[in-house]
Amino acid sequence: MRSILIAALAATFMSGSAMAADFALSETAVPAHAASSAFDWSGFYVGVTAGAGAGTIQDVANPPAAAQDLSGATYGVTVGYNAQLDGGIVLGVEGDWSAANIGKDWAGNETNQFDPYYGSDRITSLATLRGRIGFAVDRFLPYLTAGLAFGSTEHTLGCDADLVELTNGCGAQAVNGADDPGAPFETSNTGSSVGWTVGAGAEVAVTDNLSLKGEVLYGDLGQRTVELVDPFYPAA
């Protein structure tokens, strides 16, 4: 997994003053000391998120292989804490987890008699643990964020002789004879990756207990070894 770009919408409920999550909606109870004209972003918060992601997966062991462009939706939960310092500086830490369906299904080239293969590459979940730094202008909080990113991926490889008019089969022709197109098969592999993420966002406290946040994150989940085996190899 090389890179991914995420934007999200979230609703959060918090203690302390208002704060938020990924494109986030936040809710908080205002402490007595915050009853002043200037809004105080300090406190804990939890919430829910929804958004979209796009990215690429590349087979680095096979440079001629085409990179797969992925896209899809995310939805999940977030939790965090903010501390507002003198001068309007806001420091925070935030974690989130999202179920994801960011992926692409692909199939063999119908004009290539040697390519009856198909498959998919998919990110099934994403999580981040990040620090935040922002500058509060009363109820408006622009900020930068960076930290760790965690992702779960699923890769599928299959072979179906019906994908092409003429074929060498699904690895079985040399075993079963020239007139046998070969048996179809499908195999998959799942795993987890760890990388990094950076991003930026802006949050607005709509009320003392509710805020709305927009956020964009860019991340890299690094490299992971994936083995998908043709069951007829090495006989064919």
Side-chain angles (χ1 to χ4, degrees), residues 1-9 22 49-77 96-128 148-173 175-176 180-197 199 216-236:
M1 175 67 193
R2 297 306 303 163
S3 61
I4 186 167
L5 183 68
I6 298 292
L9 176 68
D22 287 10
T49 69
T56 58
I57 282 182
Q58 172 69 50
D59 182 355
V60 296
N62 182 17
Q68 302 296 331
D69 295 323
L70 314 181
S71 61
T74 68
Y75 54 92
V77 295
D96 56 68
W97 177 90
S98 295
N101 185 22
I102 303 172
K104 181 179 181 179
D105 299 324
W106 53 269
N109 185 346
E110 293 183 356
T111 63
N112 185 345
Q113 64 175 336
F114 302 107
D115 194 5
Y117 290 93
Y118 66 91
S120 68
D121 297 291
R122 202 164 302 279
I123 301 169
T124 57
S125 70
L126 286 167
T128 69
L148 297 175
F150 310 87
S152 296
T153 57
E154 180 179 75
H155 306 273
T156 299
L157 174 68
C159 185
D160 185 352
D162 291 337
L163 287 176
V164 290
E165 293 183 5
L166 297 173
T167 181
N168 278 358
C170 295
Q173 185 179 25
V175 176
N176 298 332
D180 191 330
F185 67 83
E186 183 173 299
T187 184
S188 63
N189 183 295
T190 61
S192 300
S193 301
V194 180
W196 52 266
T197 183
V216 176
L217 297 176
Y218 175 86
D220 191 321
L221 293 177
Q223 298 180 11
R224 185 171 64 85
T225 299
V226 176
E227 186 175 282
L228 298 170
V229 179
D230 182 334
F232 299 104
Y233 179 86

Distance, nearest 0.5 Å, that separates [atom1] of [X] from [atom2] of [Y]:
X	Y	atom1	atom2	answer
Ser125	Asn101	OG	CG	11.5 Å
Phe150	Leu126	CZ	CG	11.5 Å
Ile57	Asp121	CD1	CG	4.5 Å
Arg224	Ser192	CZ	OG	7.0 Å

Between [X] and [Y], which heavy-atom pair has the shortest distance, and what is it?
X	Y	result
Ala127	Trp97	CB-CD1, 4.0 Å
Gly199	Leu217	CA-CD2, 3.9 Å
Thr156	Ser188	OG1-CB, 3.8 Å

Is the backbone of [Y] close enough, under 3.5 Å, to the side chain of [X] for a donor and an acceptor to pair up by distance?
X	Y	answer
Thr197	Tyr218	yes
Thr124	Ser152	yes
Thr49	Gly76	yes

Exercise for the section: Could you please spell out the steps behind the side-chain contact (heavy atoms from CB on, under 4.5 Å) verdict for Thr190 and Glu154? Expected result: CA-CA 4 Å; Thr190 61; Glu154 180 179 75; 3.6 Å; yes
Practice task
Answer whether the closest heavy-atom distance between the side chains of Leu148 and Trp196 falls below 4.5 Å.
Solution key: no
Practice task
Side-chain contact test, heavy atoms from C-beta onward, threshold under 4.5 Å: evaluate it for Ile123 versus Leu70 and give yes or no.
Solution key: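 Side chain of Ile123 against side chain of Leu70, heavy atoms only: contact under 4.5 Å found.
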Have [X] and [Y] got a donor and an acceptor in their side chains that come within less than 3.5 Å?
X	Y	result
Ser98	Thr74	no
Asn189	His155	no
Thr56	Asp69	no
Arg122	Thr153	no

Exercise for the section: Give a yes or no on this: more than 12 heavy atoms of other residues, nucleotides or ligands lie within 6.0 Å of atom OH of Tyr75. Expected result: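 It does not: Tyr75 OH has 12 such atoms or fewer within range.
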Handout entry: All side chain to side chain contact (heavy atoms under 4.5 Å, CB included) counterparts of Ala73, not counting sequence neighbours
Key = none
